Amino acid sequence: MGTLLDGKVALVTGASRGIGRALAQRLAAEGATVVLTARSLDSAGTYAGTLHESVALIEGQGGVAYPLQADLESDTDLDSLISRTIALTGGLDILIHSGGKAEYAPTAIMDPATFERTFHHYLRAPFRLIQHAVPEMRKRGAGWIVTLGSVTALPPTRPYDVFATQGGGTVYASIKAAVHRMTQGLAAELLADNIAVNTLSPSTAIRTPGASEYIPESYPTERIEYIAETGLALCHLPAAERTGLTAYSLHFPLQHALPVYSLDGCQRIEDPILPAYSHPGIDS
């Protein structure tokens, strides 16, 4: 177990599986007390993975984790999640919003309800969570806020590939672009409070249970350890040293010469190698 985050409390949404679970594991491996939240404690729903399983993984690696059920489509749950976390642990230092379900459809025929869900999951939910978290972080004299972005927020490259023309990701990508911009602006607003605000994004794609159905077989993918390590790097330095970034999971460790470890922090894995595909708009 590492000690980088000893004494820190982290809340991670969407932590029953995928990127959220991986981030929670990596933070716990560095000593953070981690509160994991998702829609259900012990029901996997459509995809494999539950909060109880995530907690068991963290406890099995010697970490401290608590499950906290919250349906982020419920305003009651959304607006009480931060206070419930503080009541459970005594405070909050790190907020990572990884929750949300991507739903793709061509813009011209997208069901308005799908648009509203996508907007809510990826922009309204973090907006509300941040509003509730900032007062506690100000009281504690520091804080770290991380929202999940996406490489799809960058303009599609030309000539357009099949994902751009037929993938149905335009609305999702547009809202993720708004997340990137909200992060950049919020970083400026909270710099004086020593609250770091950053966006974390895969450099390519990660075949998580919820994302795999949308990723073409030929599309480049990456190991989940890279985004977990990059996320950890956004959760410990003072805001004056690291804020307002969009950190891409493969590019960031290379640029900053960061070693990448397994999710339990015990084993260094090979240095990340950029895939043949690398979006020209990425600037880590």
Side-chain angles (χ1 to χ4, degrees), residues 5 7-16 19-21 23-24 27-28 32-41 51 54-55 64-101 116-149 175-176 178-200 231-232 234-239 242-245:
L5 299 181
K8 298 293 190 294
V9 175
L11 170 64
V12 183
T13 69
S16 59
I19 294 172
R21 174 187 281 184
L23 287 163
L27 268 59
T33 294
V34 184
V35 177
L36 297 83
T37 187
R39 189 187 303 266
S40 174
L41 293 174
L51 278 183
S54 296
V55 168
V64 178
Y66 299 98
L68 199 58
Q69 184 276 334
D71 181 354
L72 297 186
E73 290 187 17
S74 160
D75 283 347
T76 299
D77 284 5
L78 183 62
D79 288 336
S80 65
L81 182 55
I82 300 298
S83 62
R84 291 167 63 202
T85 297
I86 294 168
L88 181 64
T89 63
L92 178 66
D93 303 285
I94 298 165
L95 169 64
I96 298 181
H97 179 60
S98 178
K101 172 66 171 69
E116 295 297 337
R117 282 193 301 271
T118 306
F119 179 86
H120 178 86
H121 289 171
Y122 295 115
L123 195 61
R124 185 173 181 272
F127 167 76
R128 294 298 296 149
L129 291 172
I130 288 165
Q131 286 198 320
H132 291 292
V134 165
E136 175 66 14
M137 293 177 177
R138 282 177 169 153
K139 282 170 50 180
R140 293 167 78 86
W144 293 265
I145 297 170
V146 177
T147 56
L148 265 289
I175 293 170
K176 285 294 188 179
V179 169
H180 290 202
R181 179 59 181 86
M182 183 172 72
T183 294
Q184 293 158 1
L186 189 60
E189 294 177 8
L190 297 179
L191 179 61
D193 296 300
N194 192 28
I195 298 174
V197 189
N198 293 290
T199 299
L200 171 65
L232 171 64
L234 302 178
C235 292
H236 63 89
L237 290 182
R242 186 170 287 166
T243 196
L245 305 179

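Quantities reported herein were computed from a predicted structural model and do not represent experimental measurements. All values below come from the heavy atoms of this structure, side chains included, with hydrogens, waters and symmetry mates left out.
A distance of 11.5 Å separates CG of Asn198 from CH2 of Trp144, quoted to the nearest 0.5 Å. Atoms CG and OG1, from Leu123 and Thr118 in turn, are 11.5 Å apart once rounded to the nearest 0.5 Å. With rounding to the nearest 0.5 Å, the separation of CG in Leu36 from OG in Ser16 is 9.0 Å. Interatomic distance, Ile96 CD1 to Ile19 CD1, rounded to the nearest 0.5 Å: 11.0 Å. Distance CG/Leu88 to OH/Tyr66: 6.0 Å, rounded to 0.5 Å. Between atom CD1 of residue Ile145 and atom CG of residue Asp93 there is a gap of 11.5 Å, rounded to the nearest 0.5 Å.
Residue Ala187 comes nearest to Thr243 through the heavy atom pair CB-OG1, 3.4 Å, listed as atom of the first residue, atom of the second, then distance. Closest approach of Ser98 and Gly20 over heavy atoms only: OG-N, 3.3 Å. Contact between Leu51 and Ala15 at its shortest, heavy atoms only, is CD2-C, 4.0 Å. The two residues Leu200 and Val146 come nearest to each other via the heavy atoms CB-CG1, 3.7 Å.
Under the 3.5 Å distance criterion, the side-chain polar atoms of Lys8 are left unmatched by any main-chain donor or acceptor of Gly143.
The side-chain heavy atoms of Asp77 and Leu72, taken from C-beta on, include no pair separated by under 4.5 Å. By the 4.5 Å heavy-atom criterion applied to side chains, His120 and Leu78 are counted as neighbours. Within the 4.5 Å cutoff, the side chain of Asp75 has heavy atoms near those of the Arg124 side chain.
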Tell me, with the steps shown, if His97 and Thr147 meet side-chain hydrogen bond (donor to acceptor under 3.5 Å, both in side chains).
CA-CA 5 Å; His97 179 60; Thr147 56; over 6 Å; no
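Taking the side-chain contact (heavy atoms from CB on, under 4.5 Å) definition, one finds that Ala133 meets it with Ile82, Leu92, Leu95, Met137, sequence neighbours left out. Every residue two or more places apart in sequence or in another chain was checked for a side chain to side chain donor-acceptor pair (under 3.5 Å) with Arg242, and none qualifies. Partners of Arg138 under the side chain to side chain donor-acceptor pair (under 3.5 Å) rule, at least two apart in sequence or in another chain, are Asp193.
Screening Ile195, Leu186, Thr183, Val197 for a side chain to side chain contact (heavy atoms under 4.5 Å, CB included) with Ile130, the sole residue that qualifies is Leu186. Checking Glu116, Glu73, Lys101 one by one against His121, the side chain to side chain donor-acceptor pair (under 3.5 Å) holds for a single residue, Glu73. The only option from Thr89, Val12, Ile94, Leu81 that meets the side chain to side chain contact (heavy atoms under 4.5 Å, CB included) definition with Val35 turns out to be Thr89.
Arg181 and Gln184 share no donor-acceptor pair across their side chains, judged by distance under 3.5 Å alone.
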